Amino acid sequence: QVHLQESGGGLVQPGGSLRLSCAASGMVFNINSMGWYRQAGGKERELVASISSGGRINYGDSVKGRFTISRDNAKNMMYLQMDSLKPEDTAVYYCGVPLRGVAYWGQGTQVTVST
């Protein structure tokens, strides 16, 4: 129904920046909310940020003031601008979409913040 593809991850030093992208294809007209989630080694997957089709945004407490989520509905794209990165931001970042009560995910993109 909906295919999600993340890109933009990589290795960056503390204090650096990365911009993640999520491309949605398929039944994109059914998508309301979209979100970024991350999972670090040994931890559960957690919400980073979410955004509705109308632009309503939520951020996880640990990224407020540092990350910015946005979407381009015409292009079926979602973005995550990550600034002032910290080692604890290291994780696999996933694009997620709720559809009929079920969460759909991309394959994830690795973000590593290290000296």
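None of these values were measured; they are calculated from a predicted model.
In this structure, the side chains of Tyr104 and His3 stay at 4.5 Å or more apart for every pair of heavy atoms. Using a 4.5 Å heavy-atom threshold, the side chains of Met34 and Cys22 count as touching. In this structure, the side chains of Leu4 and Val97 come closer than 4.5 Å at one or more pairs of heavy atoms. Under the 4.5 Å side-chain criterion, counting only non-hydrogen atoms from C-beta, Ile69 is in contact with Trp36. Residues Met78 and Cys95 have side chains in contact (heavy-atom distance under 4.5 Å, counting atoms from C-beta outward). For the pair Leu18 and Tyr93, the minimum side-chain heavy-atom distance is 4.5 Å or more. Pro87 is listed as a side-chain neighbour of Pro14, based on a closest heavy-atom distance under 4.5 Å. Put simply, the side chain of Val2 reaches to within 4.5 Å of the side chain of Ile31, judged on heavy atoms.
Here the closest non-hydrogen pair linking Ala40 and Ala91 is N-CB, 3.8 Å. Considering every non-hydrogen atom in both Met77 and Ser21, the closest pair reads CE-CB, 3.9 Å. Between Asn32 and Arg71, the shortest heavy-atom contact is O-NH1, 2.7 Å. Leu47 approaches Tyr37 most closely through the heavy-atom pair CA-CD2, 3.5 Å. In terms of heavy-atom proximity, Met82 sits nearest to Leu85 at CB-CD2, 3.8 Å.
For the salt bridge (Lys or Arg N to Asp or Glu O under 4.0 Å) with Arg38, the qualifying choice from Glu44, Glu46, Glu6 is Glu46, the only one to do so.
Remark: the backbone N or O of Ser84 is paired with a side-chain donor or acceptor of Arg66 at under 3.5 angstrom. Looking only at distances, a side-chain donor or acceptor of Asn73 sits under 3.5 Å from a matching main-chain atom of Ser53. For the pair Thr109 (side chain) and Gly9 (backbone), a donor-acceptor distance under 3.5 Å is present.
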Applying side chain to side chain contact (heavy atoms under 4.5 Å, CB included) to Tyr79 and Thr68, what does each step give before you reach the verdict? CA-CA 8 Å; Tyr79 307 95; Thr68 304; over 6 Å; no

Derivation of the side chain to side chain contact (heavy atoms under 4.5 Å, CB included) call for Ser52 and Ser33: CA-CA 4 Å; Ser52 72; Ser33 296; 4.0 Å; yes

Does Val111 form a side chain to side chain contact (heavy atoms under 4.5 Å, CB included) with Thr90? I'd like the steps, not just the answer. CA-CA 5 Å; Val111 172; Thr90 296; 5.9 Å; no

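Counting heavy atoms of neighbouring residues, nucleotides and ligands inside a 6.0 Å radius, atom CD of Gln107 exceeds 12 of them.
Residue Leu80 holds its CG atom at 8.5 Å from OG of Ser70, rounded to the nearest 0.5 Å.
Ring geometry for Tyr94 versus Trp105: interplanar angle over 60°, hence perpendicular rather than tilted (30 to 60°).
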